[in-house]
Amino acid sequence: MNNKELADTFTLIANLLEIKGEVIYKTLAYRKAAESLTNLGRDANEYWKDGKLTDIPGVGKAISEKIDELLSSGKLEYLEKLQDEVPAELAEMLKIPDLGPKKVGLFYKEIGVKSISELKAAAEKGKLRDLAGMGPKSETKILDGIESLSRRTGRAPLGDMWPKAQELLKKIRALDGVVDAEVAGSLRRMKASVGDIDIIVAATDRDLVSKHFVEDPEVARVLGTGGIKSSVEYHSGLTAQIWVHEPARFGTALQYATGSKDHNVRTREIAQGMGLSLTDQAIIQSDGSEKLYAKEEDVYKAIGLDWVAPELREDRGEIQAAQEGNLPKLIETKNIRAELHCHSTWSDGKVSILEMAETAINHGYHTLAITDHSFSLGIGSGLSIERLQEQRIEIDEAREKLGDKLQLLHGTEMEIKADASLDFPDKILEWLDIVVASLHVSMRQERAQVTKRLLTAINNPHVDIIAHPTNRLLPDREGSDLDMEQIFSAAAEMGTALEINSNPKRLDLDDVLARRALEFEIPLVVNTDAHLPEHMDFIFYGVATARRAWAEPKSVINTWTAKQIKSWLGKRG
DNA sequence: GCCGTTTTCGGCCCGACTGTTTTCAGTCG
């Protein structure tokens with residue numbers, strides 16, 4: 001069982017306990033443990049083997065015993081017993097908007113409703129309205145919620161949501177009386193997948209802004225609207241909400257809505273310790289008076305913290321760093337000066353080598369590596385050794401045209417085959433300027449084999465970069481089952497760089513693994529894997545992921561000078 | 001169920017909105 005499966009198990013337990021009506025703090029403890037396992041960056045099996053499960057934050061005696069049972073036997077008696085009382089299907093009903101654990105529990109206990117389809121039938125027959133706390137409106141709301149669930153998209157990749165949020169933001173900023181507006185929530189924290197769009201608005205006429213927001217013709221359903229908060233669902237299935245505040249409260253409002261929840265719990269604790277109460281409206285002093293903050297920086301300052309970049313606000317140590325003045329000087333997109341993984345028409349890219357080179361120059365880069373696929377990747381029309389040698393001629397021609405405007409490197413994205421052999425012999429790898437290795441096939445092999453494939457590449461001194469190491473695809477395809485600790489050890493030993501692939505469908509390594517790689521002092525590289533000139537804009541998402549991993553420019557090789565990159569490659573053979 | 005710079009017991013962030021009530025419970029973020 002991997003971390004995600006453990007986390008899913010504890011999330012299920014939390015949901016079932018909540019429906020059962022267990023004290024809320026017990027369910028919170030299970031959720032906290034699930035969250036913690038997801039953000040761990042190390043395989044929980046490692047902790048288990050060392051007998052150190054309780055070192056994991058939020059894991060104490062009871063939960064560590066459950067992890068032990070799950071890892072030993074793959075089963076959990078506690079969960080099986082719990083399911084006798086509360087069927088696991090009930091947890092599915094929690095996905096219906098505006099329906100929570102109390103109501104699900106009520107419907108189950110009172111009229112035996114176990115599934116969404118049974119709930120729908122009961123609502124249509126008017127069987128819900130007479131239950132305690134229910135009425136005709138609540139019944140209709142549930143039917144609307146079920147319908148909305150079928151329309152909703154769930155969490156979507158950051159790359160899909162970000163442009164939509166920017167459009168919405170533009171619309172809102174253009175409204176009368178709007179002074180300022182910013183995205184908040186997981187979108188502002190640049191999480192790889194995002195549930196909905198949160199926007200904080202500073203406005204002089206707050207009602208007018210809310211009115212325009214909910215009356216937009218693209219709105220399918222108004223989920224709620226009040227003096228401060230309004231939320232809507234668009235015909236596309238996307239949901240968005242805005243909080244409208246007076247401009248003087250914009251700082252606390254933005255801080256609050258950016259989250260994460262756990263980060264906010266910490267900031268509030270600190271405020272409490274100072275006799276203050278931090279809310280989305282203001283900081284309330286011990287005498288009850290309000291202090292207003294228009295700027296987020298000043299909110300952090302007021303509770304003794306340096307301003308924390310949104311990408312770090314996950315309660316992964318950033319609060320302590322902010323207290324001690326130790327926050328990292330995070331990498332920025334403008335620090336990126338080289339692209340070391342892209343494709344041309346020689347394989348599955350859409351434009352010529354020269355066009356990619358010009359795009360790189362327009363991005364202000366000093367170095368570009370052309371890394372077309374190698375031959376065993378049939379779908380990417382990979383290059384044979386002969387074709388690779390022919391490609392060198394075109395590279396040299398391009399070099400002549402470009403002069404000193406760009407350092408153009410001839411490389412490959414070499415396939416690591418299913419049997420762990422590499423596509424090119426060492427002689428060819430040595431001849432190339434740069435070697436990026438990756439796998440695209442047989443990613444569902446068992447852990448030992450798929451790990452061995454990456455280790456073979458890492459341990460070859462001619463391989464410089466491992467691209468998209470886990471091969472996950474957002475939103476749904478999980479990465480290969482890899483022993484990441486072994487891979488990190490080997491990469492650290494060999495000095496092989498690991499990629500953060502900036503394509504928003506990949507973002508691989510993810511933030512958690514990239515941070516772990518930095519702990520091993522492994523060099524990172526943020527590449528776009530561009531197949532089109534426009535793809536080079538993806539760098540924004542890759543850098544965001546690097547920021548979430550606490551990366552500083554010096555740890556990312558494509559922030560280095562052209563000379564430094566050339567010299568690094570030269571030393572690697 | 002977890003945790004400790006007042007605590008090994010007693011807390012655990014805080015408020016908006018809605019629909020049901022007639023002062024509050026449930027849901028959400």
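So that the names make sense, note that chain A is the first sequence line, chain B the second, and so on, each numbered from 1.
The nearest whole Å value for the distance from the CD atom in E22(A) to the P atom in dC2(B) is 13 Å. A straight line from CZ of R268(A) to P of dG15(B) spans 8 Å, rounded to a whole angstrom. Per the geometry, CD belonging to Q272(A) stands 11 Å off C1' belonging to dG11(B), to the nearest Å. Atoms CG (D262(A)) and P (dC14(B)) sit 15 Å apart, rounded to a whole Å. For the pair I319(A) CD1 and dC13(B) C1', the interatomic distance rounds to 13 Å; values are reported in whole Å. Regarding K26(A), its NZ atom lies at a distance of 16 Å from the C1' atom of dG10(B), rounded to whole Å. Distance, I284(A) CD1 to dC13(B) P: 16 Å, rounded to whole Å. What separates CD1 of I200(A) from P of dG15(B) is a distance of 16 Å, to the nearest Å.
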Open item on the list: One character per nucleotide, please: for nucleotides 16-29 of chain B, 5' to 3', B when the base has a protein heavy atom closer than 4.0 Å, S when only the sugar-phosphate does, - otherwise.
Closed with: SSSSS-----SSSB
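F538(A) pairs by the ring pair (Phe, Tyr, Trp, His ring centres under 6.0 Å) definition with H535(A), not counting sequence neighbours. S73(A) is linked by a side chain to side chain contact (heavy atoms under 4.5 Å, CB included) to E69(A), K75(A), counting only residues two or more places apart in sequence or in another chain. F520(A) pairs by the ring pair (Phe, Tyr, Trp, His ring centres under 6.0 Å) definition with F488(A), not counting sequence neighbours. Every residue two or more places apart in sequence or in another chain that forms a ring pair (Phe, Tyr, Trp, His ring centres under 6.0 Å) with F540(A) is listed here: W162(A). Applying the ring pair (Phe, Tyr, Trp, His ring centres under 6.0 Å) rule to H245(A) yields no partners; only residues at least two apart in sequence or on another chain are considered.
The separation of dC17(B) from dG11(B), taken at their C1' atoms, amounts to 28 Å, rounded to a whole angstrom. Spacing between dG29(B) and dT22(B) at atom P, rounded to whole Å, works out to 29 Å. The C1' atoms of dT20(B) and dC24(B) are separated by 8 Å, rounded to the nearest whole Å.
Proximity of Y30(A) to the phosphate of dG1(B): a side-chain N or O atom is located under 4.0 Å from OP1 or OP2.
Remark: D511(A) does not engage R189(A) in a salt bridge, criterion side-chain N to carboxylate O under 4.0 Å.
Across every strand in view, dT8(B) sits unpaired, with no contact that passes the Watson-Crick or G-U test at under 3.5 angstrom.
A side-chain contact (heavy atoms from CB on, under 4.5 Å) with S230(A) is found for one member of V244(A), I242(A), V209(A) and no other, namely I242(A).
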